[in-house]
Amino acid sequence: MKNLLIILFLVVTIKYLWADEISSNGLICNIEQDDSKRVTHKKLIYHFDNGIVYAVQVDKQNFPNTINKILISQYSYDNEQINWEGENSAKTIKYYATLNKENHILNLEYFFVSGSKTENNTKKSLYCSLMSWDKIEATLSN
């Protein structure tokens with residue numbers, strides 16, 4: 001009985017610790033763009049906080065830089081991945097995001113919905129860095 005209680009305690013503690021590992025962290029993904037575009041290295045940034053995922057935008061026209069967070073949705077996770085879904089502001093494109101926690105590859109699958117001129121769906125994979133939000137925030141405010 002004592003061993004069963006210890007195992008139960010460890011399982012609950014490990015699950016709680018893993019939840020804390022995701023919450024208050026962020027994700028920075030590099031988007032490679034065509035050479036013809038003016039901005040060649042754009043970043044996709046997310047912040048995970050208490051079950052909610054936010055898209056992060058940085059306004060570099062002011063000093064110090066202004067960091068804005070846009071609510072996307074709730075996220076779910078298991079031992080292998082973090083999942084969430086979102087849509088663009090015009091609500092014409094919906095996407096599903098899956099982050100592999102082992103190799104930090106973000107898979108995005110876009111679905112074009114009502115009002116879109118395109119019928120094709122798109123899939124993208126991005127290499128990302130998962131790190132503490134404090135570290136990301138320090139990097140972005142420079």
Side-chain angles (χ1 to χ4, degrees), residues 3-142:
N3 289 337
L4 182 61
L5 287 174
I6 291 172
I7 291 171
L8 183 61
F9 174 75
L10 289 174
V11 168
V12 170
T13 304
I14 289 171
K15 185 173 183 176
Y16 178 74
L17 290 174
W18 181 240
D20 282 347
E21 184 180 335
I22 297 168
S23 188
S24 298
N25 280 317
L27 186 67
I28 296 181
C29 306
N30 292 316
I31 301 173
E32 294 181 17
Q33 296 186 355
D34 297 337
D35 291 335
S36 61
K37 296 190 179 179
R38 291 193 303 191
V39 180
T40 55
H41 298 291
K42 188 174 178 182
K43 295 185 184 303
L44 194 57
I45 306 168
Y46 294 101
H47 179 218
F48 302 99
D49 192 27
N50 294 319
I52 305 291
V53 61
Y54 299 88
V56 178
Q57 294 179 333
V58 181
D59 181 4
K60 294 185 177 186
Q61 296 193 9
N62 298 325
F63 185 81
N65 296 338
T66 306
I67 300 171
N68 299 312
K69 294 182 190 176
I70 301 166
L71 175 69
I72 296 179
S73 69
Q74 293 183 335
Y75 64 87
S76 61
Y77 62 92
D78 58 28
N79 290 335
E80 297 174 3
Q81 58 192 18
I82 304 170
N83 301 298
W84 70 92
E85 60 184 68
E87 60 189 0
N88 68 344
S89 58
K91 299 186 187 293
T92 57
I93 301 173
K94 188 172 193 167
Y95 68 90
Y96 297 100
T98 301
L99 176 70
N100 182 313
K101 292 195 302 193
E102 187 174 321
N103 60 16
H104 299 150
I105 293 178
L106 177 63
N107 291 306
L108 297 170
E109 188 168 1
Y110 295 94
F111 295 92
F112 297 93
V113 292
S114 65
S116 177
K117 297 177 183 176
T118 308
E119 305 252 341
N120 298 331
N121 298 330
T122 304
K123 292 181 181 182
K124 286 188 176 187
S125 293
L126 307 169
Y127 294 100
C128 305
S129 298
L130 184 63
M131 61 183 77
S132 74
W133 176 248
D134 293 337
K135 194 176 203 179
I136 291 174
E137 199 171 34
T139 304
L140 297 177
S141 34
N142 291 334

Quick check: do W133 and V56 have side-chain heavy atoms less than 4.5 Å from each other? yes

Go through the structure and list residues passing side-chain hydrogen bond (donor to acceptor under 3.5 Å, both in side chains) with S129, not counting sequence neighbours. none

Nearest-0.5 Å distance, CD1 of residue I67 to NZ of residue K69: 8.0 Å

For G26, is there any backbone N or O sitting under 3.5 Å from a side-chain donor or acceptor partner on K135? no

Check: Y46 and I72 side chains under 4.5 Å, non-hydrogen atoms: yes

Go through the side-chain N and O atoms of K43 and N30 and say whether any donor and acceptor fall under 3.5 Å apart. yes

For residues D49 and S24, determine if any side-chain heavy atom of one lies less than 4.5 Å from a side-chain heavy atom of the other. yes

Kindly say whether N107 contributes a backbone atom to a donor-acceptor pair with the side chain of S125 at under 3.5 angstrom? no

Less than 4.5 Å apart, side chain to side chain, heavy atoms only: is that true for Y127 and I105? yes

Contacts of type salt bridge (Lys or Arg N to Asp or Glu O under 4.0 Å), residue K94, not counting sequence neighbours: E85

Would you check if I82 and L27 make a side-chain contact, meaning some heavy-atom pair closer than 4.5 Å? no

Can you find a pair of side-chain heavy atoms, one from N100 and one from Q81, that are under 4.5 Å apart? no

